[in-house]
2 protein chains.
Amino acid sequence: MNNQNLGKPYIIRLSEYKNALVRFKTLGFVKVFSDNLADSVGVTSVQVRKDFSLFGISGNRRGGYLVEELIEKLNDILGKNETQKVILVGAGHLGTALMKYKGLEKEGIKIVACFDIDPSKINKKADPPILPFEELIEFIRKNGIKIGIISVPENAAQEVAEKMMSAGVKGILNFAPIKLRGIEDCIISYVNIELELENLVYFVNAMQKSKKNKGGSK
Amino acid sequence: MNNQNLGKPYIIRLSEYKNALVRFKTLGFVKVFSDNLADSVGVTSVQVRKDFSLFGISGNRRGGYLVEELIEKLNDILGKNETQKVILVGAGHLGTALMKYKGLEKEGIKIVACFDIDPSKINKKADPPILPFEELIEFIRKNGIKIGIISVPENAAQEVAEKMMSAGVKGILNFAPIKLRGIEDCIISYVNIELELENLVYFVNAMQKSKKNKGGSK
DNA sequence: TAGATTGTTAATCGATTAACAATC
DNA sequence: TAGATTGTTAATCGATTAACAATC
């Protein structure tokens with residue numbers, strides 16, 4: 001995804017290192033080398049050490065890093081000490097998939113409520129509850145929500161974003177395939193599945209062509 | 001999604017320009033300026049012209065670009081002249097959302113079949129049909145499929161990828177939150193929702209902190 | 001001690017932006 | 001012609017990589 005999103009690629013990598021470390025820990029590892037992390041995340045070991053040095057994380061020369069300690073430090077940097085409460089707008093197919101997805105909770109991210117304009121989708125007893133769109137602003141204010149996910153159709157996304165921002169949301173993850181106009185102090189991030197596929201199509205085609213032109217040599 | 005994906009960020013942008021142009025066209029535009037495209041995609045107009053020049057696309061000095069013609073050229077570059085047939089493995093919540101999603105067809109991308117190991121999910125009459133996982137390799141070979149989407153749990157993703165590649169798939173879009181070991185002539189792309197959210201959490205936290213430290217000034 | 005690994009400084013690479021020339 | 005816009009060359013910026021010093 002490349003992509004089109006927030007700068008600072010090393011933050012994404014820190015999350016990836018952290019996830020790899022958690023897997024290493026379940027395997028019983030006590031220490032790791034930058035090489036292990038590099039392999040697991042698909043970067044070079046220099047990259048790993050460089051990223052760590054950016055945040056003052058140091059290991060033991062010759063002895064690698066202590067898994068437990070490193071996870072702790074990374075969680076601290078990434079702000080993962082407390083569960084992040086996020087809201088979701090749009091209870092369509094994708095929204096439902098996100099609500100049902102267990103992977104988020106594992107990362108300390110909890111969808112605390114979903115909102116939709118379709119009255120037939122409202123279900124206040126569900127977990128997370130699906131509430132009427134009109135209650136969005138009040139809910140955000142009351143619960144101090146800082147992060148929202150948008151999974152509504154393209155033509156509704158901008159309005160949803162504006163309501164979120166007006167109520168105090170500071171970070172939006174937008175699945176609608178459209179650029180949102182934001183305000184200065186809100187960070188907007190995108191996941192655009194069409195775009196990812198189109199990109200893949202282009203590179204697959206390009207590869208096939210270049211192979212043909214080279215007359216079948218690799 | 002920043003990020004973690006294929007290089008060449010301008011290809012993603014070309015898709016974005018193309019999408020914007022399609023919208024302009026429905027609004028009745030006959031020509032556009034690089035400034036219009038820049039605004040709509042969220043880049044500068046120099047970026048737009050630079051990207052075009054990379055592919056030998058030129059407009060009319062003083063007169064902008066003809067919408068129709070530009071769409072044509074971009075579609076040509078992006079390989080969008082014929083419908084792209086892709087397959088999907090994993091008919092869980094996310095997989096189902098992808099099958100139901102109309103946005104792909106609009107972009108000339110068609111999920112022609114889905115595969116799952118759970119017998120209760122098989123439905124050969126559905127559109128797209130949901131077939132047994134054992135039929136994956138044969139289907140790919142018979143239909144010359146080049147692109148596959150993986151939406152299975154983390155621990156199954158590598159096996160699925162290997163089966164796909166062995167049958168001739170050259171591009172994979174992976175939704176499982178794990179790095180896949182690939183082969184030389186297959187391009188692997190990632191969409192990782194947890195990672196996007198964790199990234200957002202970090203930057204929202206960072207912003208809040210920096211605001212506090214500056215004593216409330218913007 | 002020698003070897004393996006970390007951590008940092010400098011070089012390289014690629015992408016974006018600035019400056020400006022071309023021209024309708 | 002003057003003004004607006006395109007298109008290109010050069011400068012800048014940031015991220016990655018190479019080289020190497022430090023040290024357990």
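Just so it is clear: chains get the letters A, B, ... in the order the sequence lines come, proteins before strands, and each one is counted from 1.
Residue F52(A) is out of contact with every strand shown, counting any heavy-atom pair closer than 4.0 Å. In this structure, G63(B) reaches neither bases nor backbone, as no heavy-atom distance under 4.0 Å exists between it and the strands shown.
Near-neighbour residues of DNA chain D inside residues 28-37 of chain B, defined by a heavy atom below 4.0 Å, number-ordered: F33(B), S34(B).
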Using Watson-Crick and G-U wobble pairs with both distances under 3.5 Å, what is the 5'-to-3' dot-bracket string of DNA chain C, with [ ] for crossing pairs and | for pairs outside the strand? ..||||||||||||||||||||||
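Distances were taken from every side-chain heavy atom of Q47(B) (C-beta onward) to each of dG7(D), dA18(D), dT17(C); the shortest belongs to dT17(C). Minimum atom distance to the side chain of Y65(B) is reached by dG7(D), of the listed dA15(C), dT8(C), dG7(D).
The distance from atom CD1 of I11(B) to atom C1' of dA15(C) is 14 Å, rounded to the nearest whole Å. Spacing between atom CG of L54(B) and atom C1' of dA15(C) amounts to 10 Å, rounded to whole angstrom units. Between D39(B) atom CG and dT5(D) atom P there is a gap of 12 Å when expressed in whole angstrom units. Going from atom CZ of F55(A) over to atom C1' of dT8(C) covers 17 Å, rounded to whole Å. For the pair D51(A) CG and dG7(C) C1', the computed distance is 13 Å after rounding to whole Å. Rounded to whole Å, atom C1' of dT5(D) lies 7 Å from atom CZ of R49(B). Between the NZ atom of K8(A) and the P atom of dT16(D) there is a distance of 11 Å, given to the nearest Å. With rounding to whole Å, K50(B) atom NZ is found 11 Å from dA18(C) atom C1'.
Within the structure, salt bridge (charged side-chain N to carboxylate O under 4.0 Å, His left out) contacts touching residues 168-178 of chain A (residues at least two apart or in different chains) are K170(A)-D185(A).
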Please tabulate, for side-chain N and O atoms in residues 62-71 of chain A, each donor-acceptor pair with protein atoms closer than 3.5 Å (sequence neighbours left out).
unit_1	atom_1	unit_2	atom_2	d
E68(A)	OE2	K25(A)	NZ	3.2
E69(A)	OE2	K73(A)	NZ	3.4

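Atom CD1 of I57(B) has more than 12 heavy atoms from other residues, nucleotides or ligands within 6.0 Å.
Between atom CE of residue M207(A) and atom NZ of residue K146(B) there is a gap of 9.5 Å, rounded to the nearest 0.5 Å.
Taking 4.5 Å as the limit, some side-chain heavy atom of L14(A) sits within range of a side-chain heavy atom of F55(A).
Every residue meeting the side chain to side chain donor-acceptor pair (under 3.5 Å) condition with E154(B), not counting sequence neighbours, appears here in chain and number order: R23(A). Residues passing the side chain to side chain donor-acceptor pair (under 3.5 Å) test with R141(B), sequence neighbours excluded: none. Here K85(B) pairs with nothing under the side chain to side chain donor-acceptor pair (under 3.5 Å) rule; sequence neighbours left out. With sequence neighbours excluded, no residue satisfies ring pair (Phe, Tyr, Trp, His ring centres under 6.0 Å) with F175(A). Applying the side-chain contact (heavy atoms from CB on, under 4.5 Å) criterion to T44(B), with sequence neighbours excluded, gives V46(B), Q47(B). Annotation: side chain to side chain donor-acceptor pair (under 3.5 Å) contacts of K18(B) (sequence neighbours excluded): E198(A), E107(B). With sequence neighbours excluded, the residues that form a salt bridge (charged side-chain N to carboxylate O under 4.0 Å, His left out) with E159(A) are K163(A).
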Name the pairs: protein N/O against N/O of nucleotides 22-24 of chain D, kept only if under 3.5 Å.
unit_1	atom_1	unit_2	atom_2	d
dA22(D)	N3	R61(A)	NH1	2.8
dC24(D)	O4'	R61(A)	O	3.4

